[in-house]
Asks: 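Take a look at this one; I'll ask things after.
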Amino acid sequence: MDLRLVLFTLLALLQLFLILSSVEADNLSTRFLLTSNANTTGEKHFEDYCAMYDICGTRSDGKVVNCPYGSPAVKPDDLFSSKIQSLCPTITGNVCCTEAQFDTLRTQVQQAIPFLVGCPACLRNFLNIFCELTCSPNQSLFINVTSVDNVDGNLTVGGIDYLITDVYGEGLYESCKEVKFGTMNSRALQFIGAGAQNFKDWFAFIGRKAVPRGLGSPYAITFRSSATESSGMKPMNVSTYSCGDISLGCSCGDCPSSSVCSISSSTTTNKKDSCSVKVGTLIVKCVDLILAVLYIILICVFLGWGLYHRIRERKPTYRTKSVSTVISDGALYTRNREKDENLPMQIHMMEDAQENRNKVQLSAVQGYMANFYRKYGLYVARHPIMVLAASVVIVLLLCVGLIQFKVETRPEKLWVGPGSKAAQEKQFFDTHLAPFYRIEQLILATVPDRVNSTSPRIVSEDNIRFLFEIQKKVDAIRANYSGSMVSLQDICMKPLDKDCATQSVLQYFKMDPKNFDDYGGVEHLNYCFEHYSSADQCMSAFKAPLDPSTVLGGFSGNDYSGASAFVVTYPVNNAVDNEGNGTRKAVAWEKTFIQLVKDELLPMVQSRNLTLAFSSESSVEEELKRESTADAITILVSYLVMFAYISLTLGDTLHPSFFYISSKVLLGLSGVILVMLSVLGSVGFFSVLGVKSTLIIMEVIPFLVLAVGVDNMCILVHAVKRQPLELPLEGRVSNALIEVGPSITLASVSEVLAFAVGSFISMPAIRVFSMFAALAVLLDFLLQVTAFVALIVLDSLRAEDKRVDCFPCIKVRADPDIGIGQRKPGLLTRYMKEVHAPILSIWGVKIVVIAIFVGFTFASIALSTRVEPGLEQEIVLPRDSYLQGYFSNVSEYLRIGPPLYFVVKNYNYSSESPQTNQLCSISRCNSDSLLNEIAKAALVPDTSYIAKPAASWLDDFLVWVSPEAFGCCRKFTNGSYCPPDDQPPCCAPGDSSCDSVGTCKDCTTCFRHSDLQNDRPSTTQFREKLPWFLSSLPSADCAKGGHGAYTSSVELKGYNNSIIPASSFRTYHTPLNKQIDYVNSMRAAREFSSRVSDSLKIEIFPYSVFYMFFEQYLHIWKTALVNLAIAIGAVFIVCLVITGSLWSSSIILLILAMVVVDLMGVMTILNIQLNALSVVNLVMSVGIAVEFCVHMTHSFTVASGDRDQRAKEALSTMGASVFSGITLTKLVGVIVLCFSRTEVFVIYYFRMYLSLVLLGFLHGLVFLPVVLSIFGPPSRCSITEQGENRSSTSSQQ
């Protein structure tokens, strides 16, 4: 930031233009008074003649004015001539200025030199205007005095015409228009030309006559490009220098048009245009076209294959062979099914034991598991209380770890991994330079007119006075921290250690309401919007110019007066250690600040029909904490709904006479309690290990585990209910576990692995979530097969003993013919058997199903390429959070992007090292230097996301020590630092005229050209003068002082060994409105830094405050694909090991892949972004989708008959359980989440989970049966008839 820089710049500039010559004749009798009414015959315009000569007066504001008299040019002495040549090399021979005039000229131009010295061509052209005006021997040829004033009784020049060619004016402007003033990341013309857009505007600014103590020249200068022939005048037209002139060495940042500065293809990161093909009038992406063609080919092949097989089936020989095969291998199977088609294969084996026997040939692992579950089922049925107590005790022991339970809420600890490159770079920046300041912000805006789609202007007298009222209340805040009162003055950032650097439109009034009327109110404000960089009265209270775009919003172009919002920003000092006292004081103040806005400011604003958005640095963290309770009711209702559904679905068909016995409310409640215990056990276990929990764990994992656990509960209860009542209870439990135990184990292990894969994600919040979820699902599975099976046994004993559900101590009498013994097929079972399965067995339906599902998968592949990375901040906050409106206003009103720093590590400034010229961007710097490359990148902001050239402490330091900037680096005769003349001790404190006093008159410039090596300081000179520069205050006499602007840009610790450990160069990103903009800007900055680092062999990295949170999105696709591949691969291996069937495992793998791809396609349709949450959901979808596949596939493989018969059998026996126990249980719980107050629940849990459940259902109960009926694996069921020494195996292909 520039402190006193602009405060004095304008004042000095105005004086600079006042150095006009006076004209004194050799004889008083020949003196001519030239006034605006003089006759042309009385004017003399010829060579070697002056239009003005000498100084005839001083205005009340100290500006000197010249004599309006003509005089022949004077020959200077040799010493005076050499002085003139040093500043004005085009002036030779006679001159039209006195030594006093020249000394004034020299003193005044020193204020402009620091702005332009980086581009010698511009500086030379600029100085020539005033050199020719002041000292040219041919002054009268292009200067004509048009009016005179009376100053202290003396006639002085009141106005002149200055004839100058348009060619010169154009050349001057072209050489200077891109010259930057690095300290402010702005153009020098903002300060010495009021932002002129062409040379005529610049000349108008230079020639404007100033009111007393106002902005402008002491007399009017009218620039003209031509004169009448009769006048004898001709325009000044000395040669101009192009900034591209290599001999004058302008930098690429100051002269982009230079031939050595052309933008190469490697200058910035180009946007990668995706491949596209034009088809008629449509432009189609290549990937879309390829997928469409591939889909058509596959469908044609499939239809051809299907038609071929249908024709073969209709041939008599094929049909005869097929029938004989079915009779030999399936006749007995059909006869057995006629007995009770609702019972599974295990029941048939028992019922037909005397006639024939079915034998399922399981894999080795499945056989071991079946044998284990057979024995285990018998044991649990005989000792239910022991098993229940033991399992619950173990989990309760894990829950003891909850005494060490802690929750992590700090965003940087939740979303940034410890090995993050961005985190390491932030740590380096904070420790070696300075932590990025904390931001507290208010956005006061007018209410938009929805009818006309416009917003009223905010800039009015009432609104500005109201803003002063708001500021007064903010200044009055006193926050209590450990007994001490903290105010804004105690914590705010103060560049000059005095005034807060508050960014507010009130700074144009020095933050003082008394100045509002004194300065001219709204008119002064509008004036400052155009002259903020050059007007003294527009200077901020902290002595720096204030860009209107940083304090206004809702304007277009440069129409600042049309703004619809005031943006007030309070930069607050930050600390490296967020636990430090400084940060705690800031947090205490921030909480009081937010409370003040809510309690007092909002009602005030609303009463004036305005809007107010607000935020503090700690707001996001505080709102995330509040989010933990925002959806408590929603989550509780979700649990209650699932509990009610569980109780309903676990029970038998409702009947008024015995529902109180057949209901399973107590069993359902017990199951829910087991789910909670598994979650608490997981949290307790990791708490003992010192792993902090997160809010997402407490909100989501119970729901997920409940959804997963309910499936097993329903499947287990339904399996027991399917067993024949003739068997004893222990036989029924044992057979049920044999029937569903292997598939439950397979599904649960797959889910655990799928969750565990998430622990490989580097983001802490997601890694911890995955670890907790994996253990919770594992514990839930173990409790299901232990405690819940024991509870099933106890509940069955209760029902058999005619005891009332929920009140088992009450025993009632019931009709033995009804109730417990009935096993009527349910509605879902009948639907699956009589409607769903027959429809899917139709060949035409199969073709349609295959075509639709494969087509949607191909479409999803194309759609998935359009999923954007990111996570909108509004989504993770409660819907009623005040930050929702704030983020919306930020996107709508802010016109500047986040600060961007390019950090250089271990910069070697020694004379032997080339690194100085590899970094700087002034004269003699390399054309491919870092700062030149940044300037080039700023020319293509659409791809580089860099808005401006960088503010360079190195450039300003090199200018500061250069002999041309003779008002900057100065030393006393004893060699110590001498400040500029307008600063103490050279300027007496309180002396408004700031005349030099004392020994400052003896100060000399630090160096002469002969002292430097190629205009660069030596190693010793660099080492000695750098601290001087960083402690030098910017002022009118030297705007390049580094204090304030670069105080934290250079680390001086250890710099004495010719190495600066860390330094930074500040610029800005372009406005970033979308998450993808943040991601792309970070990627572009890193690619840019990497390229420049490799080219210069210097370690450089970019840093912006948001990088740490967005780094994850640079590689989010890779993270997602790797984790999905691991999850699906792990499930495939588990399936292969347990089933021993590559065929079955491959089909499961296919279904899982299709579900995941389809879910990614749905993400695009629902505008769901790719981030850590969606990656976890995708990985989790693998585990959940397994349940829809495994049970159906297992049932299909153990059934007998041909593929169609086995697919129908699987749907009849397992379809209802999958639909009611898996689909509906998840569905009822998910639907409740749509009422969540937090958008993240609605998008990432309601929408994604609902999509997952529907996709899982459709693939598991529609697509999978069709695939199995066509491509299914051989049956593992063998049918052996008694009395015959043969065994027939149903293995239809």
Side-chain angles (χ1 to χ4, degrees), residues 1-9 110-111 113-115 117 181-184 432-434 437 493-501 540 542-544 573 907 909 916 920 951-963 965-989 994 996 998-1000 1002-1007 1017-1066:
M1 293 193 178
D2 304 328
L3 308 118
R4 300 179 184 171
L5 152 64
V6 177
L7 185 62
F8 301 100
T9 300
Q110 78 177 36
Q111 300 169 6
I113 287 175
F115 291 94
V117 70
F181 181 55
T183 309
M184 289 296 295
H432 290 269
L433 298 172
Y437 49 82
M493 186 174 68
K494 302 175 182 177
L496 293 184
D497 306 321
K498 182 180 179 182
D499 295 291
C500 293
S540 66
F542 57 96
K543 305 297 186 293
N573 289 321
Y907 158 44
Y909 62 79
T916 296
C920 66
S952 169
W953 68 267
L954 181 57
D955 283 358
D956 285 358
F957 171 65
L958 295 177
V959 169
W960 187 81
V961 299
S962 68
F966 40 79
C968 292
C969 185
R970 306 197 309 169
K971 60 184 177 180
F972 289 113
T973 54
N974 63 2
S976 60
Y977 172 64
C978 175
D981 286 337
D982 56 356
Q983 297 181 24
C986 299
C987 173
C994 225
S996 296
T999 57
C1000 288
D1002 299 327
C1003 290
T1004 60
T1005 57
C1006 293
F1007 307 112
S1018 66
T1019 305
T1020 303
Q1021 292 167 343
F1022 197 113
R1023 183 184 303 118
E1024 291 177 351
K1025 299 305 182 286
L1026 182 59
W1028 289 12
F1029 166 73
L1030 295 176
S1031 62
S1032 173
L1033 294 172
S1035 65
D1037 278 359
C1038 181
K1040 292 291 186 178
H1043 186 69
Y1046 301 122
T1047 302
S1048 58
S1049 295
V1050 184
E1051 182 185 23
L1052 293 180
K1053 183 179 179 180
Y1055 89 109
N1056 287 327
N1057 59 358
S1058 303
I1059 299 294
I1060 295 178
S1063 63
S1064 65
F1065 302 93
R1066 184 193 70 246

Asks: Check step by step if side chain to side chain contact (heavy atoms under 4.5 Å, CB included) holds for Cys500 and Lys494.
Replies: CA-CA 5 Å; Cys500 293; Lys494 302 175 182 177; 4.3 Å; yes
Asks: Asn1057: which residues meet the side chain to side chain contact (heavy atoms under 4.5 Å, CB included) condition with it, sequence neighbours left out?
Replies: Ile1059
Asks: Determine whether Leu1052 and Leu1030 satisfy the following criterion, side chain to side chain contact (heavy atoms under 4.5 Å, CB included), listing intermediate values before the conclusion.
Replies: CA-CA 10 Å; Leu1052 293 180; Leu1030 295 176; 3.9 Å; yes
Asks: When rounded to the nearest 0.5 angstrom, what is the spacing between CD in Glu1024 and CG in Asn1056?
Replies: 10.5 Å
Asks: Can you see which heavy atom on Arg970 is nearest to which on Cys1006, and at what distance?
Replies: N-SG, 3.4 Å
Asks: If we only count heavy atoms from C-beta on, is the Leu1026 to Phe957 side-chain gap below 4.5 Å?
Replies: yes
Asks: Which residues pass the side chain to side chain contact (heavy atoms under 4.5 Å, CB included) test with Ser1064, sequence neighbours left out?
Replies: Phe429, Leu433, Tyr901, Val903, Ser1049
Asks: By side chain to side chain donor-acceptor pair (under 3.5 Å), which residues pair with Thr1004, not counting sequence neighbours?
Replies: none
Asks: Quick check: does any side chain N or O of Ser962 sit under 3.5 Å from a backbone N or O of Val959, one acting as donor and the other as acceptor?
Replies: yes
Asks: Less than 4.5 Å apart, any side-chain heavy atom of Cys969 and any of Lys1025?
Replies: yes
Asks: Within the distance-only criterion (no hydrogens, no angle test), does the side chain of Ser1031 pair as donor or acceptor with the backbone N or O of Pro1027 below 3.5 angstrom?
Replies: yes
Asks: Suppose we screen for ring pair (Phe, Tyr, Trp, His ring centres under 6.0 Å). Which residues come up paired with Tyr907, at least two apart in sequence or across chains?
Replies: none
Asks: Which pair of heavy atoms, one from Tyr977 and one from Ser1032, lies closest together, and at what distance?
Replies: OH-OG, 3.1 Å
Asks: When you check the side-chain N and O atoms of Tyr1046 and Asp956, is any donor under 3.5 Å from an acceptor?
Replies: yes
Asks: Go through Arg1066 and Trp953 one step at a time and tell me if the side chain to side chain contact (heavy atoms under 4.5 Å, CB included) criterion holds.
Replies: CA-CA 9 Å; Arg1066 184 193 70 246; Trp953 68 267; over 6 Å; no
Asks: Looking only at heavy atoms, which two atoms of Tyr437 and Met493 are closest? And how far apart?
Replies: CD2-SD, 3.8 Å
Asks: Could you check Lys498 against Phe542 for side chain to side chain contact (heavy atoms under 4.5 Å, CB included), going step by step and ending with a plain yes or no?
Replies: CA-CA 7 Å; Lys498 182 180 179 182; Phe542 57 96; over 6 Å; no
Asks: Considering only heavy atoms from C-beta outward, does the side chain of Glu1051 approach that of Pro1061 to under 4.5 Å?
Replies: yes
Asks: Can you sort out the partners of Thr1019 under side chain to side chain contact (heavy atoms under 4.5 Å, CB included), two or more places apart, ordered by chain and number?
Replies: Tyr909, Ser910, Ser911, Glu912, Arg1023, Ser1058
Asks: Considering non-hydrogen atoms only, spot the tightest contact between Asn974 and Ser976 and give its length.
Replies: OD1-OG, 2.7 Å
Asks: What residues form a side chain to side chain contact (heavy atoms under 4.5 Å, CB included) with Cys920, not counting sequence neighbours?
Replies: Asn917, Cys925, Leu954, Asp955, Leu958, Arg1016
